[in-house]
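Values reported hereafter were calculated over all heavy atoms of this structure, with side chains retained and with hydrogens, waters and symmetry mates removed.
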Amino acid sequence: MNVLMVRATIREENVGDARAAVDKLIEALEQERPAGVHYASCLLSDGVTFVALLKLEDDGGHPLREFPAYQKMVEDLGQWYAGPPAVERMTVTGSYGLF
């Protein structure tokens, strides 16, 4: 199983906006319940760095790429980055209840 990890530092004045954008995405996911989507967003202890995890489809495809709420969040986040985000694909070697 593969997971996409995005780590992004947001300008301090936009952290509240970023949190609200994530909340809207989570609300949309909870309403729509798209099949096979596993997503999490976390704020690190520095208060400005977000880490998002997304389980990728079996073919390696991005299951949220066409999801309107995700597209909106990504568009908004682009305005608030303090620097370019780091994107990595990870292979899950073990998980208990997370994926």
Inset, instruction - Would you please name every residue forming a side-chain hydrogen bond (donor to acceptor under 3.5 Å, both in side chains) with S41, sequence neighbours left out? - result: none
Inset, instruction - Output all residues satisfying side-chain hydrogen bond (donor to acceptor under 3.5 Å, both in side chains) with K72, sequence neighbours left out; order by chain, then residue number. - result: D76
Inset, instruction - Step by step, work out the ring-ring contact (aromatic ring centres under 6.0 Å, His included) result for Y70 and H62. - result: CA-CA 11 Å; Y70 178 79; H62 190 301; 5.1 Å; yes
Legend entry - Smallest separation among heavy atoms of V15 and I10, with atom names: N-CG2, 3.9 Å
Legend entry - Closest heavy-atom pair and its distance - V6, V87: CG2-CG2, 4.2 Å
Legend entry - Backbone N/O of A86 and side chain of R7: donor-acceptor pair under 3.5 Å: no
Legend entry - Backbone of V48 reached by a side-chain donor or acceptor of E12 within 3.5 Å: no
Inset, instruction - Show your working on side-chain contact (heavy atoms from CB on, under 4.5 Å) between V37 and K55 and close with a plain yes or no. - result: CA-CA 7 Å; V37 172; K55 179 184 171 201; over 6 Å; no
Inset, instruction - Name all pairs fulfilling the ring-ring contact (aromatic ring centres under 6.0 Å, His included) condition that reach into residues 15-61, sequence neighbours left out, sorted by first residue then second. - result: none
Rounded to the nearest 0.5 Å, what's the gap from [atom1] on [X] to [atom2] on [Y]? Could you check?
X   : Y   : atom1 : atom2 : answer
E13 : W80 : CD    : CH2   : 11.5 Å
E57 : L64 : CD    : CG    : 9.0 Å
L54 : R89 : CG    : CZ    : 9.5 Å

